[in-house]
Amino acid sequence: MKYLSEFRDAGLVETLLAEIRRSVTRPHVIMEICGGQTHGIVKSGLDRLLPEEISLVHGPGCPVCVTPLETIDRALAIATRPEVIFTSYGDMLRVPGSRSDLFTVRAKGGDVRVVTSPLEAVRIARENPDREVVFFAIGFETTAPANAMSVLQAERLGLTNFSVLVSHACVPGAMRAILGSPKNRVRGFLAAGHVCTVMGTREYPSIAAEFGVPIVVTGFEPLDLARGILSCVRQLEEGRAEVENAYGRAVTDEGNRHAQETMEAVFEPCDRAWRGIGTIPESGLRLRPDRAAFDAERRFDVGDVQTEESSVCISGEILQGLKKPIDCPAYGTECTPDHPLGATMVSSEGACAAYFRYGRVPREEPRA
Amino acid sequence: MCLAVPGKITEIHDSDGIRMGTVDFGGVRQEVCLQAVPEAQVGQYVIVHVGFALNVLDEEEARETLDLLRQMEDAGRSEGASE
Ligand code: SF4
């Protein structure tokens, strides 16, 4: 068992697609939460192989895309300071702030370094005791335990030159916000598999019951995605609204307790602004008061940042499943990965980037 | 961002008080934090995200899923053949 090739078996995907075709009798709008799933779907072309009754809309599960402009501008201000080594996941570098991006800050001499793990940022802090090392701690519940671990490790090592700029988002609050909107058209969810690996499934039954929507925990390979869609379609056809786990090899109902404890030792829930969407109650994490010493926002007074969002970007509506990238007038013309107007065109998980990368052009796509 | 990849643990050690391990991703080896999977053993597969193992993969569950799907595929084939 390699846990990859087996779940890309084209024959089995076709079997599931045939079953989906057999099950469906009327239109359904299903949202995949996670941007990783969006990429999996667009890359494999699964959305085009589905019967036309099923419309997949793309959710807000792209941490880079929903990081508030204000936070990006703060990051840029901190990264510009000469005493700072600013460390970040690579995805963040080209995300446009109001006037610049981290990549440009680096080109102008800022010490911005890409890390693939938060513990790498701690190592850099240890190796550079005379510099201030800041880690841009973004991500969902999947990433929060690892980011929390970096704070605990810095504390254990007694590092005083390490801090984190926190922009953590949590999925359930966003699902509630999407479902509670008067404009909502989502009738079923593919829940984000790796968020559930950490958190388990306990947050979902109340959402499924309150809003009458099926929620199916779904993985990322074509087989996983097709299986999640089939479970969701069957529930919708049968009028059920239950929580199902179609990613059992990686997800248990209780999730990973150790990872949850690490997270809880460092972060606490808070309201949070989502770029393009607005503030959602209880949908974020911030440092607990007893970890305030690691808070980059307190350590570096970057003052009031004046944000300025692109006026044409409709990524907020895309992230809520109201529109698709091809509905954006700037898509592929004014806005491309080389000249992004919004974060959804830059991030490896952004819906606009996925559409662009896999060559989706407006006239080919039926408007949703 | 939530990309997480399965890999096989080839070795486990302690580094500055943290449970770490070497994980093989189809030939590419990386240092991975195993702090959240204290039960994980050499030879098992973990799902790894930003250098942090999120869980040990459940092999039995994976096999059952694939078996079920193959049965579905076979059933579909024999149905197709009899049409
Ligand atoms: S195509 Fe560009 S401008 Fe349009 S929604 Fe996507 S990121 Fe924003």
Side-chain angles (χ1 to χ4, degrees), chain A residues 1-4 6-7 9 11-12 14-16 18-19 34-37 39 61-64 89 91 115-120 138-143 145-147 149 153 156-157 192-195 197-198 220 223 227 246 248-252 255-262 347-349, chain B residues 1-8 14-20 23-28 30-40 43-80:
Chain A
M1 180 78 58
K2 295 275 189 298
Y3 299 99
L4 279 180
E6 299 94 336
F7 294 91
D9 184 310
L12 292 181
E14 184 39 51
T15 300
L16 284 165
E19 195 54 37
C34 175
Q37 292 170 331
H39 264 248
C62 162
V64 171
Y89 296 122
D91 264 17
V115 293
T116 53
S117 153
L119 288 177
E120 225 175 296
I138 66 156
F140 284 96
E141 294 94 324
T142 317
T143 320
N147 289 352
M149 194 70 210
Q153 183 63 351
R156 190 176 313 157
L157 296 170
H194 293 142
V195 165
T197 302
V198 171
F220 297 79
L223 206 56
R227 209 174 139 217
R249 68 181 182 282
V251 175
T252 58
N256 183 332
R257 269 312 303 168
H258 302 285
Q260 291 167 25
E261 278 161 19
T262 304
S347 165
S348 61
E349 291 185 320
Chain B
M1 259 298 311
C2 291
L3 177 74
V5 201
K8 189 179 187 173
D14 180 285
S15 166
D16 295 320
I18 298 188
R19 186 174 144 92
M20 299 289 291
V23 174
D24 184 306
F25 300 93
V28 181
Q30 254 176 38
E31 276 273 291
V32 166
C33 175
L34 300 178
Q35 194 75 7
V37 287
E39 76 283 16
Q44 284 185 317
Y45 275 80
V46 279
I47 183 113
V48 178
H49 169 67
V50 296
F52 190 87
L54 299 177
N55 235 342
V56 178
L57 286 165
D58 185 337
E59 178 158 4
E60 204 176 316
E61 216 284 342
R63 277 190 205 291
E64 272 170 28
T65 303
L66 290 169
D67 285 348
L68 260 171
L69 291 174
R70 285 189 194 113
Q71 279 168 26
M72 215 162 126
E73 186 178 39
D74 290 344
R77 264 204 209 110
S78 49
E79 230 172 72

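To find a chain, count down the sequence lines: A is the first, B the second, and so on, and within it residues start at 1. Because the structure is predicted, anything quoted here is derived from the model rather than measured.
- The residue among A/Arg227, A/His39, A/Arg249 with the most heavy atom pairs within less than 4.5 Å of chain B is A/Arg249.
- Contact between B/Pro38 and A/His258 at its shortest, heavy atoms only, is CG-NE2, 3.4 Å.
- Per-residue counts of heavy-atom pairs under 4.5 Å with chain B were compared for A/Gly255, A/Gly35, A/Pro145; the largest is that of A/Pro145.
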Next on the checklist: If you apply the rule side chain to side chain contact (heavy atoms under 4.5 Å, CB included), what do you find for A/Gln153 with B/Ile18, and how did you get there?
Outcome noted: CA-CA 8 Å; A/Gln153 183 63 351; B/Ile18 298 188; 3.2 Å; yes

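- Interface summary for chain B: among A/Gln37, A/Glu19, A/Met149, A/Glu6, the most heavy-atom pairs under 4.5 angstrom belong to A/Met149.
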Item to check | Residues B/Leu54, A/Thr142; criterion side chain to side chain contact (heavy atoms under 4.5 Å, CB included); working and verdict | outcome: CA-CA 8 Å; B/Leu54 299 177; A/Thr142 317; 3.6 Å; yes

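- Only the backbone of B/Val56 comes within contact range of chain A, judged by heavy atoms closer than 4.5 Å.
- Neither the backbone nor the side chain of A/Glu14 comes within less than 4.5 Å of any heavy atom in chain B.
- Inter-residue side-chain proximity for A/Thr15 and B/Leu69 is flagged as unmet; no heavy-atom pair is nearer than 4.5 Å.
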Next on the checklist: Would B/Asp16 and A/Arg156 count as a side chain to side chain contact (heavy atoms under 4.5 Å, CB included) here? Give the steps.
Outcome noted: CA-CA 9 Å; B/Asp16 295 320; A/Arg156 190 176 313 157; over 6 Å; no

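- For A/Arg257, no part lies near chain B; criterion is any non-hydrogen pair under 4.5 Å.
- Taking CG from A/Leu12 and CE from B/Met72, the interatomic distance works out to 9.0 Å, rounded to the nearest 0.5 Å.
- Residues B/Gly51 and A/Ser117 approach most closely at CA-CB, 4.2 Å, considering heavy atoms.
- Residues satisfying the side chain to side chain contact (heavy atoms under 4.5 Å, CB included) criterion with B/Asn55, sequence neighbours excluded, are A/Thr197, A/Asn256, B/Ile47.
- Ranked by non-hydrogen atom pairs under 4.5 Å with chain B, the options A/Asn147, A/Leu4, A/Thr262, A/Val115 are led by A/Leu4.
- With sequence neighbours excluded, no residue forms a salt bridge (Lys or Arg N to Asp or Glu O under 4.0 Å) with A/Glu120.
- Among all heavy-atom pairs drawn from B/Asp58 and A/Tyr3, the shortest one is C-OH, 4.2 Å.
- In this structure, chain B has a heavy atom under 4.5 Å from the side chain of A/Leu119, while its backbone stays farther away.
- By number of non-hydrogen pairs under 4.5 angstrom with chain A, the leading residue of B/Lys8, B/Glu60, B/Arg63 is B/Arg63.
- When heavy atoms are compared at a cutoff of 4.5 Å, A/Ala18 does not approach chain B at all.
- Options A/Leu16, A/Asp9, A/Val198 differ in how many heavy-atom pairs under 4.5 Å they form with chain B, and the most are formed by A/Leu16.
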